[in-house]
Amino acid sequence: MSAPKWLTHFGLSRSPFTKAIADEDLWVPSSRKRIVERLVEACRGHDHVLLTGEPGIGKTCVLRALRHRLPEAGFRLTYCHNATLGRRDFYRQLCLALGLSPSATAAAVFYAINQHVKDLGAERVHPVFLLDESHLLHQQVLEHLHILSNYEWDSAPLLSLVLVGLPELRDRMRLRKNRSLYSRIHTRLHLGEPSPEDTFEYVEYRLRLAGTDRDPFDSDALALLHEASGGRLRDIDRIATDALKRAARRKLKRVDRKLLEAAVDVDGD
């Protein structure tokens with residue numbers, strides 16, 4: 001099957017701004033590398049983590065980078081994204097993610113997870129629970145998570161909780177009723193707004209990964225791309241892809257500011 005014309009027009013071997021990308025090819029901006037390092041350090045130290053940031057600025061990319069960095073031999077990562085479940089169903093989901101058979105009652109489910117975590121500890125494998133969209137967690141789940149973080153009278157850190165969510169998650173954690181869990185989270189990270197340099201670096205990296213070392217975007221087009229997307233990767237992907245397709249249809253080798261404006265404005269062109 002031949003490649004789409006807009007790819008061959010720019011000498012690309014594949015679509016540069018697709019979500020389908022291997023962990024080892026994942027882009028982490030220079031400004032985020034320290035965040036990844038601190039996540040790795042926290043997991044190696046068996047600590048708990050709070051990671052917050054606005055939508056679309058790279059929280060998932062940071063988690064995937066963490067997964068790539070931690071050795072499989074010493075860690076067991078479990079990713080959970082359905083944060084709107086009640087306590088029992090939440091723990092049943094954890095059981096399924098861990099390959100356990102969920103039981104009928106909340107107590108039985110929690111016991112199964114508790115025992116599984118202890119078994120992993122005996123095997124010198126450290127479990128890491130990545131709980132995405134944690135700002136949506138039911139209060140009863142949040143209140144119960146501190147039990148998972150408190151083994152053997154707080155003397156045995158048998159797992160790491162990584163709570164990931166929007167900035168309001170930090171506000172929820174500061175509430176008095178959540179202070180028991182929050183006090184156990186020593187690594188608290190926040191992803192700030194992406195810079196224009198992050199956007200430029202991302203576009204260059206993805207184009208190079210797709211088979212070209214030529215940058216088809218003018219500098220003012222890149223500046224507008226950052227402004228229009230706010231540095232959010234999914235918006236950069238959408239706008240940049242549309243701009244390249246428009247340029248190819250017009251047989252242009254460069255994307256200037258005017259063409260990028262048309263891509264931003266879905267009613268343009």
Side-chain angles (χ1 to χ4, degrees), residues 13-83 93-94 96-99 120 125-137 159-167 169-170 185 187-195 197-211 229-241:
S13 59
R14 58 178 173 173
S15 179
F17 302 107
T18 176
K19 290 178 65 175
I21 185 169
D23 284 356
E24 59 267 22
D25 292 330
L26 202 65
W27 171 82
V28 177
S30 302
S31 60
R32 300 278 197 255
K33 288 181 179 177
R34 180 54 186 155
I35 294 284
V36 175
E37 291 294 335
R38 291 191 63 188
L39 276 171
V40 172
E41 290 170 4
C43 291
R44 289 186 180 277
H46 297 185
D47 292 336
H48 306 302
V49 179
L50 180 71
L51 175 65
T52 58
E54 295 291 345
I57 65 169
K59 295 189 296 296
T60 301
C61 288
V62 167
L63 292 182
R64 290 183 63 187
L66 170 66
R67 181 175 66 182
H68 182 61
R69 288 284 309 278
L70 288 177
E72 291 185 9
F75 295 89
R76 174 77 59 80
L77 269 68
T78 300
Y79 177 77
C80 294
H81 65 278
N82 192 349
Q93 177 181 272
L94 274 183
L96 292 172
L98 292 168
L120 287 176
V125 175
H126 184 64
V128 180
F129 289 171
L130 306 175
L131 306 180
D132 208 353
E133 306 293 343
S134 291
H135 57 280
L136 299 176
L137 285 170
L159 84 161
S160 292
L161 294 173
V162 180
L163 304 182
V164 184
L166 298 182
L169 173 61
R170 187 179 293 267
I185 301 176
T187 302
R188 302 169 183 178
L189 307 173
H190 180 73
L191 292 180
E193 291 296 321
S195 68
E197 289 74 21
D198 289 337
T199 298
F200 305 160
E201 184 182 323
Y202 174 71
V203 171
E204 179 184 7
Y205 175 81
R206 293 302 293 265
L207 285 167
R208 188 168 64 251
L209 198 64
S229 66
R232 294 179 295 272
L233 301 186
R234 62 180 68 114
D235 290 333
I236 294 174
D237 292 345
R238 174 178 53 81
I239 297 169
T241 298

What is the distance from atom [atom1] of [X] to atom [atom2] of [Y], rounded to the nearest 0.5 Å?
X: Tyr79; Y: Arg64; atom1: OH; atom2: CZ; answer: 10.5 Å
X: Leu50; Y: Leu161; atom1: CG; atom2: CG; answer: 11.0 Å
X: Leu189; Y: Thr52; atom1: CG; atom2: OG1; answer: 8.0 Å
X: Leu131; Y: Leu137; atom1: CG; atom2: CG; answer: 6.5 Å
X: Leu66; Y: Cys43; atom1: CG; atom2: SG; answer: 5.0 Å
X: Leu130; Y: Thr60; atom1: CG; atom2: OG1; answer: 10.5 Å

Heavy-atom pair with the smallest gap, counting every atom of [X] and [Y]:
X: Ile236; Y: Ser229; answer: CG1-OG, 3.3 Å
X: Leu39; Y: Val49; answer: CD2-CG1, 3.5 Å
X: Pro71; Y: Arg44; answer: CD-NH2, 3.7 Å
X: Pro194; Y: Gly231; answer: CG-O, 3.5 Å

Looking at [Y], is its backbone amide N or carbonyl O close enough to the side chain of [X] to form a donor-acceptor pair, meaning the two atoms are under 3.5 Å apart?
X: His135; Y: Leu166; answer: yes
X: Arg170; Y: Pro167; answer: no
X: Ser160; Y: Asp47; answer: yes
X: Arg206; Y: Pro16; answer: yes
X: Thr18; Y: Ser15; answer: no

Query raised in the report: Can you check side-chain contact (heavy atoms from CB on, under 4.5 Å) on Lys19 and Arg234, steps first, answer last?
Result: CA-CA 8 Å; Lys19 290 178 65 175; Arg234 62 180 68 114; over 6 Å; no
Query raised in the report: Any side-chain heavy-atom pair from Leu163 and His48 closer than 4.5 angstrom?
Result: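 With C-beta onward as the side chain, the pair stays apart.
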Query raised in the report: Is it true that Lys59 and Glu133 have a side-chain N and a carboxylate O under 4.0 angstrom from each other?
Result: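 The answer is no: the pair does not qualify as a salt bridge.
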Query raised in the report: Between Asp235 and Arg238, does at least one N-O distance fall below 4.0 Å, as a salt bridge requires?
Result: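 Looking at Asp235 and Arg238, the cut-off is met.
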Report task. Report the relative orientation of the aromatic rings in Tyr202 and Phe17; use parallel for angles under 30°, tilted for 30 to 60°, perpendicular for over 60°. Result ->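 Aromatic pair Tyr202/Phe17 classed tilted.
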